[in-house]
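Below is one structure, written out as structure tokens; comments come after it.
In what follows, every chain begins at residue 1, and chains take the letters A, B, ... in the order their sequences are listed.
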Amino acid sequence: MRAVRTKQLSSVPLGRGVRADIRNLLRSPSTRIKQVQQIHARFVVRCYPPPSLYACNSVLFAYARSPLPSQAFAFFATQMRHVKPTTVTFQFLLKACSRSTSLVQTSQIHPLTLKLGFCLYTFLQNAIIYCYGLCGQLVDARRVFDELTHRDVVSFNSMIHGYAAVGDMNSASDLFAQLPEPNIVSWTALVTGFANKGDVFEARRVFDKMPERDLVAWNAMISGYVQNRHPVQALNLYNQMQIEKFNPNTITITSILSACANVGALDIGKWIHVYLNKNNVLLDPFMGSSLIDMYSKSGAVDLALQVFENLPEKNTCTWNAMINGLAMSGHTRETLELFNKMQLDGSVRPDEVTFVGVLLACSHGGFVEEGKRHFYCTMKQYGVVQLVEHYACIVDLLGRSGQLKDAEEVIRNMPIEPDIVVWRALLAGCRLHKSVALAEKVVSEMEAKSSGDFVLLSNLYASVGRWDGVENMRKTMIHKGIKKIPGCSSIVLDNTIHEFISGDKSHPRYSEIIAKLAELGRKANSDGYYAEVSSVLYDIDEEEKEQSLGHHSEKLAIGLGLISTAPGSPLTIMKNLRVCDDCHSMTKFISRICNREILVRDRIRFHRFKDGFCSCNDYW
DNA sequence: CTAGGGTTAG
């Protein structure tokens with residue numbers, strides 16, 4: 001009796017239901033992993049007649065474009081023993097290789113295609129070249145390329161893409177030059193290649209030389225700017241793109257929102273959000289994450305939370321964007337609550353980025369024990385490897401709370417080489433708790449390279465009245481030829497981004513700004529508030545001061561904001577370096593005297609100035 | 001069904 005039932009079970013044909021499922025799978029533009037897994041499960045039951053090659057290939061196709069492309073290999077290995085694979089089978093397998101950048105799979109599939117006599121199919125070999133290239137195996141890629149009897153544009157483009165992926169732009173350009181008729185894809189490969197290397201200038205040069213461009217090319221250049229932190233150029237190019245009558249797609253929007261986030265362009269970002277709603281565009285996790293990031297970084301965490309709550313689909317990035325947004329804004333409790341929610345939700349796994357946010361929140365909120373627990377236990381629990389960034393966070397956490405010995409101990413026992421950021425975190429702790437001796441030790445050991453480190457030690461000397469140390473630092477910096485990073489602050493007014501680089505007087509309203517700042521300076525002095533602070537002004541600073549007037553870039557941005565907006569309206573300023581003590585005090589003063597809420601986002605965190613106080617409680 | 005473009009941290 002039991003045998004009969006088993007037999008009935010094991011010979012269930014795939015049936016119409018599955019065929020309909022497969023049809024649906026192929027019809028939808030993207031694949032949810034659950035859909036494929038359900039169909040996969042029905043293959044596992046031995047059925048009669050065996051599933052057709054078409055059905056098998058369909059599952060491969062679905063896996064290849066799903067969020068878990070590597071599942072395609074498992075399916076191929078276990079469920080396709082009875083069928084003879086065709087070129088289509090390999091196309092999908094190779095698609096899965098490229099989407100999961102799996103060298104192991106690529107190097108196994110390659111000989112298999114040769115064994116089956118598929119070496120003459122250029123389109124298959126092209127895919128192999130592409131996959132090897134993505135995995136950084138340029139020698140293997142080149143061998144396939146050289147052995148091809150017939151090379152088409154795609155062969156060249158795949159090879160160029162491979163060179164570009166490892167940053168070998170010389171080889172990429174050489175190959176490009178050999179191409180009789182490069183097409184848009186060839187050109188775009190060069191643009192992305194240069195951009196990925198950080199050479200946006202060269203990328204733009206290539207982009208400008210393109211005989212024609214399509215949306216992908218525009219997107220490549222725009223995201224190149226965004227990824228290299230040139231948000232203003234990205235936004236300018238986006239305008240140019242619209243002038244040339246190209247409509248943005250979701251990819252363009254994702255990059256542009258990221259650009260808005262980096263420059264704090266809340267108005268433009270909001271406008272795009274409205275545009276998306278008006279056109280009934282469903283927010284995918286990419287756009288969702290960018291949007292959340294844009295709102296958080298523009299100081300509108302409440303709006304970020306709204307977006308987050310209403311997103312139809314969230315991935316790890318989305319959660320991370322929200323967690324980091326809350327952490328940056330100083331909402332420690334909320335950050336940790338959201339992290340709890342993420343763990344309970346279970347649909348996504350926390351990753352390295354998640355823990356940067358969690359630890360950062362603990363650090364800003366002074367939650368030492370909780371931070372330690374996440375660092376030592378929770379991370380291990382999720383199998384998340386501790387990177388230097390996390391060590392920097394924990395050192396920062398310990399250092400801030402005054403446990404300088406423990407912090408130093410952590411660095412000494414790190415399994416990986418501490419980088420400058422880790423040392424700098426300890427140094428910041430020394431500054432906060434005025435530990436000159438340890439700070440000196442740290443600076444001598446870390447071989448400080450950036451001006452910020454010397455500035456920190458110098459400020460520390462000054463704060464304990466060691467003027468000889470200040471002078472020494474200054475000499476050391478000159479001697480070692482250490483250049484200060486130019487300070488750069490921006491403010492968005494009427495959809496226009498105004499960038500101020502210290503020492504640059506080119507802004508059309510420069511003299512008005514200076515006049516306004518001078519007026520405020522006088523008020524501050526007579527108030528007694530500012531005078532007190534400036535008396536302990538140090539003559540070395542992270543940002544190069546404009547010699548004659550001594551204005552940091554953020555003061556210029558604030559000045560412009562004050563003279564060009566209605567009294568009492570809030571201002572948002574973005575800065576690439578950390579706020580200095582002087583500007584911090586001055587901004588507190590301005591917020592009170594001008595009755596303005598001023599939000600300054602520096603390299604590390606937000607400062608919300610209101611009624612003469614700052615949300616960081618002068619602790620940063 | 002053959003090639004190129006996207007988010008979070010540092």
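Separating the CE atom of A:M342 from the C1' atom of B:dA9 is a distance of 13 Å, rounded to the nearest angstrom. Atoms CZ (A:F92) and P (B:dA3) sit 11 Å apart, rounded to a whole Å. Rounded to whole Å, the distance from CG on A:D293 to C1' on B:dT8 is 7 Å. Per the geometry, CZ belonging to A:R229 stands 9 Å off C1' belonging to B:dG10, to the nearest Å. Rounded to a whole Å, the OH atom of A:Y63 is 18 Å from the P atom of B:dC1. Atom CE in A:M287 sits about 13 Å away from atom P in B:dT7, given to the nearest Å. Separating the CG atom of A:L215 from the C1' atom of B:dG5 is a distance of 8 Å, rounded to the nearest angstrom. Summarising the geometry, the separation between CD1 on A:I222 and P on B:dT7 is reported as 12 Å, rounded to the nearest angstrom.
Picking from B:dG10, B:dG5, B:dT8 the nucleotide with the shortest atom distance to the side chain of A:V356 gives B:dG10. The A:F123 side chain lies nearest to B:dT2 when the options are B:dT2, B:dG5, B:dA3. Comparing B:dC1, B:dG5, B:dT8 by their closest approach to the side chain of A:N320 singles out B:dT8. With distances taken from any side-chain atom of A:Q227 to the nucleotides B:dT8, B:dG6, B:dC1, the minimum falls on B:dG6. Proximity note for A:L360 (side chain, C-beta onward) versus B:dT2, B:dG10, B:dT8: the nearest is B:dG10. Here B:dG6 is the nucleotide among B:dG5, B:dG6, B:dG10 with the atom lying nearest to any side-chain atom of A:F286. Of the candidates B:dT2, B:dT8, B:dG6, the closest approach to any side-chain atom of A:C317 belongs to B:dT8. The side chain of A:K297 approaches B:dT8 more closely than any other nucleotide in the set B:dA3, B:dG6, B:dT8.
Contacts of A:N183 with the nucleic acid, taken as non-hydrogen atoms under 4.0 Å apart, include base atoms. The residue A:D351 sits apart from the nucleic acid: no heavy atom pair falls under 4.0 Å.
Close to B:dG6, at under 4.0 Å from its OP1 or OP2, lies a side-chain N or O of A:S223. Within the structure, a side-chain polar atom (N or O) of A:S258 is placed less than 4.0 Å from OP1 or OP2 of B:dT8.
Side-chain rings of A:F355 and A:F339 approach one another, their centers coming within less than 6.0 Å.
Counting all heavy atoms, side chain and backbone alike, A:E417 lies closest to A:V388 at O-CG1, 3.5 Å.
Residue A:S290 places no side-chain atom within donor-acceptor reach of the base of B:dT7, judged by atom type and a 3.5 Å distance cut-off alone. Put simply, the side chain of A:D284 and the base of B:dG6 share a donor and an acceptor less than 3.5 Å apart.
A:F145 has its side chain within reach of A:F156: a pair of non-hydrogen atoms, C-beta onward, lies under 4.5 Å apart. Considering only heavy atoms from C-beta on, A:M322 comes within 4.5 Å of A:L305 through its side chain. Side-chain contact between A:I323 and A:V353 is absent, with no heavy-atom pair separated by less than 4.5 Å. Between A:W187 and A:F176 the shortest side-chain heavy-atom distance falls below 4.5 Å.
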Inset, instruction - Output, in order, the C-alpha distance, side-chain angles, deciding distance and verdict of side-chain contact (heavy atoms from CB on, under 4.5 Å) for A:H273 and A:L303. - result: CA-CA 11 Å; A:H273 192 185; A:L303 294 178; over 6 Å; no
Inset, instruction - Test A:W319 against A:F308 for ring-ring contact (aromatic ring centres under 6.0 Å, His included), laying out the working first. - result: CA-CA 8 Å; A:W319 285 88; A:F308 180 78; 5.0 Å; yes
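The stretch residues 145-164 of chain A comes close to DNA chain B through A:V154, A:N157, A:H161, each having a heavy atom under 4.0 Å from the strand. For DNA chain B, the residues of residues 381-396 of chain A within the heavy-atom distance limit of 4.0 Å (strictly under) are A:E389, sorted by number.
Heavy atoms from other residues, nucleotides or ligands lying under 6.0 Å from CZ of A:F118 number more than 12. For A:E309, the CD atom counts as densely surrounded, since its 6.0 Å shell holds more than 12 non-hydrogen atoms of other residues, nucleotides or ligands.
Listed by chain and residue number, A:I160 satisfy the side chain to side chain contact (heavy atoms under 4.5 Å, CB included) test with A:A189 (two or more places apart in sequence, or in another chain).
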